[in-house]
Amino acid sequence: MLKFLKQVGDYTKEAFQAGKYIGQGLSVTFDHMRRRPITVQYPYEKLILSERFRGRIHFEFDKCISCEVCVRVCPINLPVVDWEFNKESKKKQLKHYSIDFGVCIFCGNCVEYCPTNCLSMTEEYELSTYDRHELNYDSVALGRLPYKVTNDPMVTPLREFAYLPKGVTDPHDLPAGSRRSGLRPEEILDKEPKA
């Protein structure tokens, strides 16, 4: 009889523990249900990129003086500058300029060191193609300005992030006393039962 009562007691204890663990799991689930979603429905929603984002390089043909500084500062000698010397004006004349974005590491050195500012970084990051040779952009393709996310009527630009308070887009601009979502590590340790 004593053995039977012990088994019933153990069963009840385990049932209460199982209920406690299910309650803890559901509390996490309900906590996440109140939050805004983190996922982005990509083709229809896009995040607005930061102003210092290093995307595809834009090239202005008329400003280039064929100095080849971009080739010298590039860690992989990537830009191809084709020029000829004009004897009448005694200056280099640019014939062709190209960058292969299949190889480019988007370090931004060419943009940083260009003396005439004919190179600039854009917010274009959708460079996927089926053929890698299509990633070799010539001066015409480099001169094409990208379409801004905020101007595209088919796309909803997202200005808020789920891990920041509502209305805040920059984590450095958090109002005083506001909290990010979730608990801090020391708060998690305080909530855990002491053994």
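Quick caveat: nothing in here was measured; it's all calculated off a predicted structure.
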Neighbour count >12 (heavy atoms, 6.0 Å) for atom OH, Y44 | no
Is the number of heavy atoms from other residues, nucleotides or ligands within 6.0 Å of CD (E112) greater than 12?
-> no
OH (Y113) with more than 12 external heavy atoms under 6.0 Å = no
Test side-chain contact (heavy atoms from CB on, under 4.5 Å) on N86 and K91 and set out the steps.
-> CA-CA 5 Å; N86 189 346; K91 291 183 179 177; 5.5 Å; no
Can you list the steps and then say if K46 with E126 is a side-chain contact (heavy atoms from CB on, under 4.5 Å)?
-> CA-CA 11 Å; K46 294 180 184 175; E126 297 169 320; 3.0 Å; yes
Roughly how far, to the nearest 0.5 Å, is the SG atom of C104 from the CD1 atom of I99?
-> 6.5 Å
Please confirm whether the backbone N or O of C67 pairs with a side-chain atom of R72, one donor and one acceptor, at under 3.5 Å?
-> yes
Report yes if some heavy atom in the side chain of W83 is under 4.5 Å from a heavy atom in the side chain of H96; otherwise report no.
-> no
Proximity of Y97 and F61 rings by center, below 6.0 Å | no
More than 12 heavy atoms of other residues, nucleotides or ligands under 6.0 Å from OH of Y11: is that the case?
-> no
Hey, are the side chains of Y137 and F59 touching, using non-hydrogen atoms and a 4.5 Å cut-off?
-> no
Heavy-atom pair with the smallest gap, counting every atom of C64 and T116 | CA-OG1, 4.3 Å
Dump the intermediate steps for side-chain contact (heavy atoms from CB on, under 4.5 Å) on F101 and E124, then the final yes or no.
-> CA-CA 12 Å; F101 288 112; E124 185 176 351; over 6 Å; no
Intermediate values then yes/no, side-chain contact (heavy atoms from CB on, under 4.5 Å), I57 and M121 | CA-CA 5 Å; I57 296 171; M121 291 289 196; 3.8 Å; yes
